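First comes the structure, then the notes that go with it.
This one's a predicted model, so the numbers in the text were calculated from it and none came from an experiment.
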Amino acid sequence: MKKKNNSERSDFFDKVYEVVARIPYGRVTTYGAIAEFCGVKSAARTVGWALNGAKETGLPCHRVVNRFGALTGKQHFGAPELMRDLLKSEGVEFDSDNNVIMKEYLWHPDED
DNA sequence: ACATTGACCTACA
DNA sequence: TTGTAGGCCAATG
């Protein structure tokens with residue numbers, strides 16, 4: 001808490017993993033929401049990077065979508081249809097644009 | 001060591 | 001209203 005050279009820096013990633021792991025079943029959240037919960041709302045990009053390693057850590061990164069509900073990171077799952085299938089398997093519905101219905105399934109970290 | 005990119009979002013002109 | 005620019009943290013070339 002005194003030095004923010006190496007400890008707090010990794011804390012951001014750590015928080016991201018924590019929030020993603022807290023996403024309820026059949027719910028989705030946005031990068032901005034996670035970044036905001038981490039304290040830096042403008043660091044949505046960094047959240048994406050965190051998820052890059054998150055898939056290797058075993059976190060449900062498929063429940064994280066952009067603010068439009070579009071599965072922007074589906075390409076990173078190795079199988080673009082996998083992400084959509086996983087969400088559908090959890091009961092999440094999509095609209096005509098292949099986007100998650102945020103209005104119904106959007107979840108916020110502070111909501112839990 | 002510097003510059004660029006990357007699963008994004010908000011603000012200003 | 002649409003378009004452009006900036007910002008955030010980390011990894012890679």
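Across C:dA5 and B:dT4, the matching P atoms stand 15 Å from one another, rounded to whole Å. Straight-line distance between the C1' atoms of B:dA7 and C:dT4: roughly 23 Å, to the nearest whole Å.
In terms of the side-chain contact (heavy atoms from CB on, under 4.5 Å) criterion, residue partners of A:Asp97 (sequence neighbours excluded) are, by chain and number, A:Asp95, A:Asn99. Listed by chain and number, the residues in a side-chain contact (heavy atoms from CB on, under 4.5 Å) with A:His76 are A:Asn52 (sequence neighbours excluded).
Minimum interatomic distance between A:Ala44 and A:Ala35 (heavy atoms only, all atoms of both residues): N-CB, 3.7 Å. Minimum interatomic distance between A:Ala70 and A:Val65 (heavy atoms only, all atoms of both residues): O-CB, 3.7 Å.
Regarding A:Leu51, its CG atom lies at a distance of 13 Å from the C1' atom of C:dC9, rounded to whole Å. We find that CZ of A:Phe68 is positioned 9 Å from P of B:dT10, with the value rounded to whole Å. Between the CG atom of A:Leu71 and the C1' atom of B:dC8 there is a distance of 15 Å, given to the nearest Å. Residue A:His76 contributes atom NE2, which lies 13 Å from atom C1' of C:dA11 at whole-angstrom precision. Look at CZ on A:Arg45: it is 10 Å from C1' on B:dC9, rounded to the nearest Å. If you take OH of A:Tyr17 and C1' of C:dA10, they are 10 Å apart, rounded to a whole angstrom. As rounded to whole Å, 19 Å separates atom P of B:dA7 from atom CG of A:Asn98. B:dA7 atom P lies 13 Å from atom CZ of A:Phe13, rounded to whole Å.
A:Tyr105 places no side-chain N or O within 3.5 Å of a backbone atom of A:Phe94 that could act as its donor or acceptor partner. Between the side chain of A:Arg63 and the backbone N or O of A:Ile23, at least one donor-acceptor pair lies under 3.5 Å.
For the segment residues 19-42 of chain A, residues with any heavy atom less than 4.0 angstrom from an atom of DNA chain C are, sorted by number, A:Val40, A:Ser42.
Atom CD of A:Glu111 has more than 12 heavy atoms from other residues, nucleotides or ligands within 6.0 Å.
Counting non-hydrogen atoms under 4.0 angstrom, A:Asn66 reaches the backbone sugars and phosphates but no base.
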